[in-house]
Amino acid sequence: MRHEPIAIRHEPREINYPEVLPITAEKERIIAAIRDHQVLIIAGDTGSGKSTQIPKMCLEANRGEKRLIGCTQPRRLAATSVAARVREELGELGHLVGYKIRFSNQTGPATRIKFMTDGILLAETQQDQSLRAYDTIIIDEAHERSLNIDFLLGILKKLLKKRPDLKVIITSATIDTEKFSRAFDLAPVITVSGRTYPVEIRYRAADDTREEGAAGQDAGYVEQAVEAVLELCGGAEGGGDMLVFMPTERDIRDTVELLGKRFRHDGPRLGIKEREPEILPLFGRLSGTDQNRIFRKSGVRKIVVSTNVAETSITVPGIRYVVDTGLARISSYNVRAGTTKLPVTAISRASCDQRAGRCGRVGPGICVRLYSEEDYLGRPEYTLPEIVRSNLAEVILFMIALRLGNPKKFPFIDPPAPRAVQDGYNLLAELGAIDPERRLTERGRIMAALPLDPRISRMIICARENGCLREVVIIAAALSIQDPRIRPADNARQADTAHARFRSERSDFLSYLHLWDLYDDLVHQKKSASALGRFCKSNFLSYQRLREWRDIHEQIWAQLATSGNGREHHFFLRSSCLAELETEPDKRYDSCYDRIHQSILSGNLRNIGLKKEKNVYQGGQGKELMIFPGSGQFNRAGQWIMAAELVETSRLYARTVAGIRVEWLEPLAGPLCRRSYSAPHWEKRSGQVVALEKVTLFGLVIVAGRRVNFGPLKPAEARQIFIQAALVEGECGGHFAFLDKNRQLITDLADLEDRLRRRDILVDEMLIHEFYDTRLPAEVHDRAGLIRLLKSGCNPMQRADPAAQLCLYPGGGEGRGDGLDSGGSGRPRCR
DNA sequence: CTGCTCTTA
């Protein structure tokens, strides 16, 4: 818990604002608005100075006196770099600025302005629900509408009544400020101009009359982008770096390759006199050193070919020209299938404009759009907020843990669809996090306390029971980071060879464990950071991501240790299933493969598959999966698999895959299994009605034709079969006096009919069935039940003798208890 | 035969 904040009184000192920033002119207006309103919306485009100057204005408005001024940023890098900038600008007041991001808390008692990622502020609400550590909260870049931002805005909206002293400032690009204002009871909007240069937009749509390529080929935007780049280079525009936006890594590879070729072969003919430019790919999975090449000055023209990272996350310096395909991969959650789609999609107008703006930061720019103005105008204005295209399980778990009420009534700016909310509840129920009343279970509480996807938390809980916590925590941390393997286009083979060193033949999860063991050895040998870096480089691994992996691993252990009582920590550390003596890497985990993978399966039940053909699997709910070619299980996997992820791109791919045994599924899935029964029939030997049980999980048959005792499942149906087969047709087995008598009577009557040549004395089977049906108690449906019934006839308190009841003629019973034959084995007898 | 990008107790 936070101790009472210390009020830091200080002599008022001059706070300086850079004159060049447009926001400086609005200073007095903004300070007055902060004083007069609880919520304020400030709209300003790139270069307005809002991120750095508004926190200083809050200080000048006497905010942050007893509590903190909290400023959120969507990305860690932004949080730390803006903090550094403000600290520098504040000069001798610089010590008032701190920041906190995951794994690094640089705040102290003197901190009054705290920069952080929005994820951190969200996480803090778990400890400090009313955010009492803050008197002012600034949500920056709200227009990005990330899941964290939308969730935070809802929480703040609910908090405002309870915390009248709290001020909230929402800053955004100058788009859609109306929506924010309306969401916060018509909060005032102050608009600040940006500080950018004009950007000339040129539309260069694909020529419609141009012949289509081979059937099924796409529009050829790679070729068009290359043409556009060559035109710009050969035109009269002059020098300056270029930024080309592509939707996928593969397109980037193709573009880089084609550009290089064209410059070499056709450059002179196209009037490009300059030296061959430097062509650089840029995407998130690129190693840090390769990413940093875009910041180096080389003396020749730079052409950066990038994914969406360059739209908001990385600012490529010095860009004068943008070539925009208008495409991006945008993820969306498919509620029906429970999978993620990652299609190449036409981006929104806001995104197009953001991309264009990337060339107006150092001087007037030119943006070539590979689509028509008509196309542009027909696009949606904004990108769909992340919350309406996400799996909501984690959000809902959080809401239950914090008692934030019904998600359907929560003040989301754009509420998610009811079906998506229902799906989130369903997944939580499948994971055992909530009970039928949607309250947290014991498991759910542990899951809510872990900073992980609920599915991953579920694996850890299962591993605790299975005694393989050490292994599964390593894997859980691995599943929480981006793939640490690097596979450069020009060195793919070498990378594959390097990665094969730790690849498991049976499971991608074990590959993670092998890599961990390899790297952990080096760390324990106290290798220097540079030695570790060299190891990463030569093995095509990301040093950054391995570090993140270890950090998350440590964080999970710390959380597990505090969630139990202190003593549990020891238990956790020792609960490894590792066979101490086995040193050969791919055999090390053989003996505990089942336990580890059962634990992982507990979080991945939705992602199982049954082999249809090589690499193609029948998934749940009628899905067809294909093993991702980058998986170690490609061309290797057996009959049943599970995957940590199912993502639909060109196909529905299963990523991070391992073989499982079908027998694991039923006990783990429990009530998720659907059962159906067929061919119920009387079995004389066992004295039961037996049916064939079929068990399915998400539509996949996991048990077929299992013989089960049908009576307890469907007593009424079983009883009819029992009456017909055992009593009417006489296949009961054992010896029962009443049955013998009834049979004798029927034989006698049949004889009588034969002699008299009549056919109306003996009643037909249907009537005999009816007779038993009326006389036999409802709960009797097998031989054991019949024996129990007849035995109860021995009880003197019993009014009617059951055996007599079952005799076909009046008075057929021969006294109490006589329903049972004294012979036969193992049957109860009356004494 | 190959998947955009962020973020956390």
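Predicted model, so just to flag it, every value in this text is computed and none were measured. Below, chain A is the first sequence line, B the second, and so on; all start at residue 1.
A side-chain N or O of R355(A) and one of N308(A) form a donor-acceptor pair less than 3.5 Å apart. Counting only N and O atoms by type, the side chains of W557(A) and H553(A) include a donor and acceptor under 3.5 Å apart.
Remark: Q126(A) is not in phosphate contact with dT8(B), judged by side-chain N or O atoms under 4.0 Å from OP1 or OP2. Phosphate proximity of dT7(B) to R102(A): absent, as no side-chain N or O sits under 4.0 Å from OP1 or OP2. The shortest distance between the side-chain N/O atoms of T307(A) and the OP1/OP2 oxygens of dC4(B) is not below 4.0 Å. Of the side-chain N and O atoms in R329(A), one or more sit less than 4.0 angstrom from OP1 or OP2 of dG3(B). Contact annotation: R76(A) side-chain N/O to dT8(B) OP1/OP2 distance is under 4.0 Å. Between S650(A) and dG3(B), a side-chain N or O to OP1/OP2 separation shorter than 4.0 Å is present. Contact between the side-chain N/O atoms of S331(A) and the OP1/OP2 oxygens of dT5(B) is not found at any separation under 4.0 Å.
Residue R75(A) has its side chain nearest to dT7(B) when only dT7(B), dG3(B), dT8(B) are considered. Of all nucleotides listed (dA9(B), dT2(B), dC4(B)), dT2(B) comes nearest to the side chain of Y653(A). Nearest to the side-chain atoms of Q559(A) among the listed nucleotides dC1(B), dT2(B), dA9(B) stands dA9(B). Distance from the side chain of Q482(A) is smallest for dC6(B) among the nucleotides dC6(B), dT2(B), dT8(B).
For the pair I101(A) CD1 and dT7(B) P, the computed distance is 9 Å after rounding to whole Å. E249(A) has its CD atom 9 Å from the C1' atom of dC4(B), to the nearest Å. At whole-Å resolution of the value, CG in L286(A) and P in dG3(B) are 17 Å apart. Here dG3(B) presents its C1' atom at 16 Å from CD1 of I486(A), a figure rounded to the nearest Å. Residue I149(A) contributes atom CD1, which lies 18 Å from atom P of dT5(B) at whole-angstrom precision. For I481(A) and dG3(B), the CD1 to P distance is 21 Å, given to the nearest whole Å. For F634(A) and dG3(B), the CZ to C1' distance is 15 Å, given to the nearest whole Å. Atom CZ of F283(A) and atom P of dT5(B) are 8 Å apart (whole Å).
Among the protein residues, L122(A) comes within range of no part of the nucleic acid, since none of its heavy atoms lies under 4.0 Å from any strand. Residue E386(A) is classed as having no contact, given no heavy-atom separation below 4.0 Å to the nucleic acid. Contact annotation for T248(A): backbone-only contact, meaning every heavy-atom pair under 4.0 Å involves sugar-phosphate atoms and none involves a base. Within the 4.0 angstrom heavy-atom criterion, base atoms lie near L450(A). Here Q555(A) lies in heavy-atom contact (under 4.0 Å) with sugar-phosphate atoms only. Within the 4.0 angstrom heavy-atom criterion, only backbone atoms of the sugar-phosphate kind lie near R250(A); the bases stay farther away. The residue F398(A) sits close to a base: some heavy atom pair falls under 4.0 Å. Using a 4.0 Å heavy-atom cutoff across all strands shown, V309(A) reaches sugar-phosphate atoms only and no base atom.
Of the residues near DNA chain B, L402(A) and P247(A), the one whose nearest nucleotide (by heavy atom distance) lies more toward the 5' end is P247(A). Each of T649(A) and A123(A) was matched to the nucleotide of DNA chain B holding its nearest heavy atom; the match closer to the 5' end belongs to T649(A).
Ring pair F398(A)/F151(A) is perpendicular by interplanar angle, where above 60° counts as perpendicular and below 30° as parallel. Ring pair H499(A)/F502(A) is tilted by interplanar angle, where 30° to 60° counts as tilted.
Counting atom types as modelled, R655(A) pairs a side-chain N or O with a base atom of dG3(B) as donor and acceptor under 3.5 Å.
Of the residues R163(A), K114(A), R67(A), the one that meets the side-chain hydrogen bond (donor to acceptor under 3.5 Å, both in side chains) test with Y134(A) is K114(A). Each of R458(A), R455(A), E645(A) was scored for a side-chain hydrogen bond (donor to acceptor under 3.5 Å, both in side chains) with N604(A), with one residue passing: R455(A).
Looking at D375(A) and R369(A), no side-chain N of the basic residue comes within less than 4.0 Å of a carboxylate O on the acidic one, giving no salt bridge.
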